Amino acid sequence: MTIVATWNVNSIKARLPNALEWLGAASPDVVLLQELKCQDDGFPRLEIEGLGYHAEVLGQKSYNGVAILSKEPITDVLRGLPGNPEDEQARYIEGTTFGLRVASIYLPNGNPIASEKFPYKLAWMDRLISHARDLKAQEETTVLGGDYNVVPSDEDVYSPEDFADDALCQPESRNRFRQILNLGYTEAYRALHHEPNRYSFWDYQGGAWQKDHGVRIDHLLLSPQAADRLEECDIDRKPRGKQKASDHTPVWCRLRD
DNA sequence: ATGGTAGCCTTGCTA
């Protein structure tokens, strides 16, 4: 079996003690990281390799940054989402490991919706749809994981009213997310769990964690070949309760052999 | 009441 996890760490340097603790305890085979907030040469490679992980990184100063960690070598790495050579934001990395094609995705937030950030998000999602279509045609065992910055339905947010004008809940965002699913991808958590109000992100502000005021925006999307092997999927809330926590917590799935 | 927190570096911007 293979465990694949996704985690927006909100700075890998600030999160290093927490990240090392969680990697050591949960011991996932493959980890998709987002919001590294560092350049390639600032990535704490030695510490992470010390836990037995290979690492492929697409860094960026201050913002964004994504990586794939794996206990096996990672080959055929693709850095950057195809479709716009002028887009320099480090939000996508893809590679092959454990016989899986995996991607770490940090989808643009898109707020505020009246700004240029929202059309950038939608255009980025259109590129992701197109690339996900190409990947689907490869008929590989594929896991597209990451911070999608999309709340799939009103059951995935503590207060739909408060998020009515938020880019994470806009019909245009949700529609594009569904377009990926409609290509034939399975959202792993929702395939196995049907309770509403299970979250992967809680804002730092206003005591959101203590009040369980969260949103579910971190997702693992599985190609049919991967979905056929889906055995378990869950949200690991423990890291969010630690000191110096990321505002996101890991989501993982287990694929049978 | 437009606050509150966290992380980075641009002591404002992003989330």
Side-chain angles (χ1 to χ4, degrees), chain A residues 6-22 32-45 47-48 57-67 80-81 87-92 104-125 128 145-152 156-170 172-174 176-177 199-219 235 237-251:
Chain A
T6 180
W7 191 12
N8 178 324
V9 290
N10 186 16
S11 168
I12 190 60
K13 289 181 189 170
R15 215 63 57 214
L16 191 59
N18 288 22
L20 294 175
E21 180 187 4
W22 182 77
L32 311 170
L33 298 175
Q34 301 88 37
E35 273 207 277
L36 305 176
K37 292 186 168 178
C38 68
Q39 301 181 92
D40 289 6
D41 60 9
F43 185 80
R45 176 173 291 279
E47 293 88 337
I48 285 171
V57 178
L58 179 63
Q60 183 180 332
K61 189 166 132 184
S62 307
Y63 304 118
N64 310 317
V66 287
L81 180 65
D87 186 355
E88 296 184 347
Q89 298 193 26
R91 297 180 174 275
Y92 189 94
S104 179
I105 294 168
Y106 180 43
L107 209 145
N109 175 294
N111 279 306
I113 56 174
S115 74
E116 73 290 343
K117 291 177 186 173
F118 189 53
Y120 173 70
K121 173 181 194 158
L122 299 181
W124 203 95
M125 292 189 81
L128 182 60
D147 176 1
Y148 279 76
N149 270 314
V150 175
V151 173
D156 301 308
V157 51
Y158 72 97
S159 172
E161 299 75 21
D162 288 354
F163 276 72
D165 296 324
D166 195 290
L168 280 56
C169 291
Q170 292 310 295
E172 295 91 337
S173 309
R174 287 175 166 174
R176 282 168 176 78
F177 185 73
Y199 308 129
S200 65
F201 167 92
W202 299 259
D203 202 283
Y204 287 124
Q205 302 180 68
W209 166 247
Q210 287 76 12
K211 293 188 277 195
D212 198 26
H213 284 185
V215 293
R216 197 172 67 88
I217 55 176
D218 299 274
H219 307 297
I235 301 167
R237 294 168 56 101
K238 290 192 296 296
R240 185 62 181 84
K242 302 276 185 185
Q243 291 296 313
K244 288 279 287 181
S246 170
D247 39 7
H248 297 249
T249 214
V251 181

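Fair warning: this is a prediction, and the values are worked out from it, not measured in the lab. Below, chain A is the first sequence line, B the second, and so on; all start at residue 1.
Within the nucleic acid shown, A:Tyr106 comes within 4.0 Å of sugar-phosphate atoms alone, with no base atom in reach, counting heavy atoms only. A:Arg91 comes within 4.0 angstrom of the backbone, heavy atoms only, and of no base.
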> Between A:Ser173 and A:Leu168, is a side chain to side chain contact (heavy atoms under 4.5 Å, CB included) present by the stated rule, with each step listed?
Replying inline: CA-CA 7 Å; A:Ser173 309; A:Leu168 280 56; over 6 Å; no
>> If you apply the rule side chain to side chain contact (heavy atoms under 4.5 Å, CB included), what do you find for A:Trp209 with A:Tyr204, and how did you get there?
In response: CA-CA 7 Å; A:Trp209 166 247; A:Tyr204 287 124; over 6 Å; no
>> A:Lys242 vs A:Glu21, test: salt bridge (Lys or Arg N to Asp or Glu O under 4.0 Å). Steps then yes/no.
In response: CA-CA 11 Å; A:Lys242 302 276 185 185; A:Glu21 180 187 4; 3.2 Å; yes
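Put simply, CG on A:Asn109 is 13 Å from C1' on B:dC13, counting in whole angstrom units. Taking atom CG of residue A:Asp147 and atom C1' of nucleotide B:dT14, one finds them 13 Å apart after rounding to whole Å. Note: CZ (A:Phe118) to C1' (B:dA15) measures 16 Å, nearest angstrom.
Between the CZ atom in A:Arg237 and the CH2 atom in A:Trp202 there is a gap of 4.5 Å [rounded to 0.5 Å].
On the P atoms, B:dG3 is 24 Å away from B:dC8, given to the nearest whole Å. A distance of about 30 Å separates the P atoms of B:dT2 and B:dT10, rounded to the whole Å. Of the P atoms belonging to B:dC9 and B:dA15, the separation is 16 Å, rounded to the nearest Å. Comparing B:dA6 with B:dT11, their C1' atoms sit 15 Å apart, to the nearest whole Å. Rounded to whole Å, the separation between the C1' atoms of B:dT14 and B:dG4 comes to 16 Å.
Side chain of A:Arg216 to backbone of A:Pro152: no donor-acceptor contact under 3.5 angstrom is found.
Ring pair A:Phe177/A:Tyr148 is perpendicular by interplanar angle, where above 60° counts as perpendicular and below 30° as parallel.
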>> Protein within reach of the bases, or only the backbone? For nucleotides 4-10 of chain B, mark each nucleotide 5' to 3' as B, S or -, using heavy atoms under 4.0 Å.
In response: BBSSSSB
